[in-house]
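Working notes for the structure below.
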Amino acid sequence: MKTVAQCFVYVSKIDGKWIAVIIDENERIVSLSLPKGSEGEAVYEAKRVAVANVSYKFRSEMDPSTRRVGREVVEFINSYIKGDKPKITFKLNVEGLTKFMNKVLAIVSSIPRGFVTCYGCVAEVIENPYACRAVGRALAMNPWPIIIPCHRVVKSDLTLGGYRGGLDMKRELLRIEGVAVTLAGRVLPAHFLEARRLRELSRDAGEKLLTS
DNA sequence: TCGACTATTTGTT
DNA sequence: AACAAATAGTCGA
């Protein structure tokens, strides 16, 4: 069953890069792009990672409060990239997420700043220990990069794995958070969270972000 | 390094 | 609805 959402695409340019944010009629964030070279690329990526289970109707006119939410999101990303620790002041539209996706994102959002875990550990925590690849796939489609810190998930051998915004960006985000990445592209074991610890953290955190 | 194996999603029929 | 293809991975030989 498909729900329908009336959506608006908010686009903004910061430091020469474009960011697109898709916002629904209830002012919740459907998805966003990472900073891109052109407006078209940004919009394309935001649409691509919007939850597939929902069909979207796009409107170009948006009211001032919707525009304000868009500004807040872009400002959040912008200040995060600059090394600040902005607060989340907006809601995410999580309605169309599959159970699997919801669990994966909830766990990932409980990884604290300054730590990483691996794809297999996330799989283990959702009691689906062989689903490491599926976890990677789910994260590749993360509708809310940076807000849900999928850059904190690396391979079990401590090399970086992948990132939609490119590995340089993953590196940079981790560096900002105090996670050293060696020249060979590995994170230090000191920052690594094992599955057991990750499970405890995700239990404590609940699923705040993902229950709007 | 290479292959076998995995779970899920997406695209195609 | 069913099937095939594609993965931001992992483990062992």
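Chain A is the first sequence line, chain B the second, and so forth, proteins listed ahead of strands; every chain is numbered from 1. The structure displayed is predicted, hence computed values, not measured ones.
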Taking only Lys NZ, Arg NE, NH1 and NH2, and the carboxylate oxygens of Asp or Glu, determine whether A:Arg197 and A:Glu194 approach each other closer than 4.0 Å.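 No, no charged N to carboxylate O under 4.0 Å.
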Is the closest basic N to carboxylate O distance between A:Glu72 and A:Arg68 below 4.0 Å? yes
What stems involve DNA chain B, if each pair must be Watson-Crick or G-U and both of its distances must be under 3.5 Å, with 3 or more such pairs in a row?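 As far as DNA chain B goes, consecutive pairing (with distances under 3.5 Å) yields the stems B:1-5 with C:9-13, B:7-13 with C:1-7.
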Between A:Ser79 (side chain) and A:Glu75 (backbone), is there a donor-acceptor pair under 3.5 Å? yes
Any donor-acceptor pair under 3.5 Å from A:Ser33 side chain to A:Val43 backbone: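 Such a contact is absent between A:Ser33 side chain and A:Val43 backbone.
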Got a sec? Which of residues 171-196 of chain A come in under 4.0 Å of DNA chain C, heavy atoms? none
What are the residues of residues 40-50 of chain A, sorted by number, that bring a heavy atom to within less than 4.0 Å of DNA chain C?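 Within this stretch, nothing sits under 4.0 Å of the strand.
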Determine whether [X] and [Y] make a side-chain contact, defined as any pair of heavy atoms from C-beta on separated by less than 4.5 Å.
X        : Y        : value
A:Asn78  : A:Asp15  : yes
A:Arg199 : A:Arg203 : yes
A:Arg186 : A:Asp157 : yes
A:Asn93  : A:Asn26  : no
A:Pro112 : A:Leu201 : yes

Check the surroundings of atom CZ in A:Phe58: do more than 12 heavy atoms from other residues, nucleotides or ligands lie under 6.0 Å from it?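 Enclosed: over 12 neighbouring heavy atoms sit under 6.0 Å from CZ of A:Phe58.
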Within a 6.0 Å radius of atom CZ on A:Arg59, are there more than 12 heavy atoms belonging to other residues, nucleotides or ligands? no
Contacts under 3.5 angstrom, residues 132-147 of chain A side chains, donor-acceptor by atom type, not counting sequence neighbours:
unit_1	atom_1	unit_2	atom_2	d
A:Asn142	OD1	A:Trp144	N	2.9
A:Asn142	ND2	A:Ile148	O	3.1
A:Trp144	NE1	A:Ile29	O	3.1
A:Trp144	NE1	A:Val30	O	3.4

Any chance you could list the contact pattern along nucleotides 3-12 of chain B? Use B for base contacts, S for sugar-phosphate-only contacts and - for none, protein heavy atoms under 4.0 Å, 5' to 3'. --BBBBBS--
Taking atom CZ of A:Phe8 and atom CG of A:Asp24, what is their separation to the nearest 0.5 Å?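 Nearest 0.5 Å value for the CZ-CG distance: 8.5 Å.
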For chain A, the stretch of DNA chain C it reaches, first to last nucleotide, under 4.0 Å of its heavy atoms: C:dA6 to C:dC11
cation_pi(A:Arg113, A:Tyr80) dist<6.0 Å, angle<=45: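 Yes, a cation-pi geometry.
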Reckon A:Cys150 touches a base, only the sugar-phosphate, or nothing at all at heavy-atom distances under 4.0 Å?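 The answer is base, as A:Cys150 lies within the cut-off (heavy atoms under 4.0 Å) of a base atom.
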Member of A:Lys170, A:Arg164, A:Glu177, A:Glu172 meeting the side chain to side chain donor-acceptor pair (under 3.5 Å) criterion with A:His151: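 Of A:Lys170, A:Arg164, A:Glu177, A:Glu172, side chain to side chain donor-acceptor pair (under 3.5 Å) with A:His151 is met by A:Glu177 alone.
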